[in-house]
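To keep things clear, I will list the structure first and then write my remarks on it.
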Amino acid sequence: QVQLVESGGGLVQPGGSLRLSCAASGNIFSISYMGWYRQAPGKQRDVVASITSGGTTNYSDSVKGRFTISRDNAKNTLYLQMDGLKPEDTAVYYCRVQRLVAAIRYDYWGQGTQVTVSS
């Protein structure tokens with residue numbers, strides 16, 4: 001069991017910045033994948049950025065060059081630094097963590113945090 005607690009969402013003007021945090025607790029062993037997803041009203045939930053246990057990162061084309069995913073292993077925390085925010089970035093952002101144990105994948109989601117980009 002893994003519990004994910006997100007923070008850092010809010011209202012920001014276009015061009016502004018926000019930093020999202022996702023603190024993990026519980027059984028944090030054997031984590032193979034960590035990622036940030038977002039979902040706007042009436043839209044599907046899409047991946048924004050991800051990082052593997054080995055540190056390899058991937059980004060959606062829409063955020064590449066503006067967002068940065070990172071982790072602090074000592075604090076068991078995942079981050080998403082969002083710069084140059086645009087109105088189309090408005091969505092609920094979710095933290096996702098996967099564990100791979102004995103060939104079984106375990107999937108965990110945070111509660112989501114609202115990001116609104118508007119002038």
Side-chain angles (χ1 to χ4, degrees):
Q1 180 67 34
V2 174
Q3 182 178 4
L4 306 176
V5 179
E6 300 177 349
S7 61
L11 175 64
V12 65
Q13 294 186 354
S17 298
L18 284 174
R19 187 195 191 201
L20 305 183
S21 299
C22 173
S25 61
N27 192 348
I28 60 174
F29 300 101
S30 302
I31 292 177
S32 61
Y33 172 96
M34 295 167 284
W36 288 98
Y37 293 69
R38 66 186 181 187
Q39 185 171 25
K43 304 292 185 179
Q44 67 179 14
R45 187 176 299 183
D46 295 322
V47 63
V48 175
S50 64
I51 185 169
T52 68
S53 60
T56 300
T57 59
N58 287 284
Y59 297 91
S60 168
D61 288 341
S62 63
V63 307
K64 193 174 183 64
R66 300 187 297 120
F67 291 9
T68 303
I69 188 171
S70 63
R71 66 188 182 191
D72 186 333
N73 290 333
K75 297 181 178 180
N76 298 319
T77 301
L78 180 71
Y79 301 98
L80 184 67
Q81 178 66 44
M82 304 184 295
D83 299 318
L85 284 163
K86 304 175 180 179
E88 51 262 45
D89 295 321
T90 296
V92 178
Y93 284 71
Y94 298 90
C95 174
R96 184 190 189 188
V97 170
Q98 293 180 352
R99 298 174 62 235
L100 185 63
V101 183
I104 300 175
R105 188 183 72 183
Y106 300 87
D107 205 28
Y108 306 91
W109 291 89
Q111 80 285 353
T113 184
Q114 177 71 47
V115 172
T116 302
V117 185
S118 176
S119 59

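Under the 4.5 Å side-chain heavy-atom criterion for grouping Ile, Leu, Val, Met, Phe, Trp and Tyr, Val115 is not connected to Tyr79 through any hydrophobic cluster. Put simply, Tyr106 and Met34 are part of the same group of oily side chains (I, L, V, M, F, W, Y) that touch within less than 4.5 Å, one to the next. Val117 is connected to Val48 through a chain of hydrophobic side-chain contacts under 4.5 Å among Ile, Leu, Val, Met, Phe, Trp and Tyr, so both are in one cluster. Transitive grouping of hydrophobic side chains (ILVMFWY, heavy atoms separated by less than 4.5 Å) keeps Met82 and Leu11 in distinct clusters.
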task = Evaluate the side-chain contact (heavy atoms from CB on, under 4.5 Å) criterion for residues Trp36 and Cys95: first the C-alpha distance (whole Å), next the side-chain angles of each, then the deciding distance (0.1 Å), finally the verdict.
result = CA-CA 5 Å; Trp36 288 98; Cys95 174; 4.0 Å; yes
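Side-chain atoms of Ser60 and Arg38 include no donor-acceptor pair closer than 3.5 Å.
Between Val92 and Tyr37 there is no side-chain heavy-atom pair separated by less than 4.5 Å. Side-chain contact between Arg66 and Asp89 is present, with at least one heavy-atom pair separated by less than 4.5 Å.
Within the structure, side-chain hydrogen bond (donor to acceptor under 3.5 Å, both in side chains) pairs that include any residue of residues 67-77 do not occur (at least two apart or interchain). Applying the side-chain hydrogen bond (donor to acceptor under 3.5 Å, both in side chains) rule to pairs touching residues 110-119 yields Gln114-Thr116, sequence neighbours excluded.
Judged by the 6.0 Å and 45° rule, Arg99 forms no cation-pi pair with Phe29.
Atoms OG and CZ, from Ser7 and Arg19 in turn, are 9.5 Å apart once rounded to the nearest 0.5 Å.
Applying side-chain contact (heavy atoms from CB on, under 4.5 Å) to Val97 and the options Ile31, Ile28, Leu78 leaves one that passes, Ile31.
Residues passing the salt bridge (charged side-chain N to carboxylate O under 4.0 Å, His left out) test with Asp107, sequence neighbours excluded: Arg96.
Put simply, the side chain of Thr57 never gets that close to the backbone of Ile51: no donor and acceptor are under 3.5 Å apart. For Trp109 (side chain) and Leu4 (main-chain N/O), no donor-acceptor pair under 3.5 Å exists by modelled atom type.
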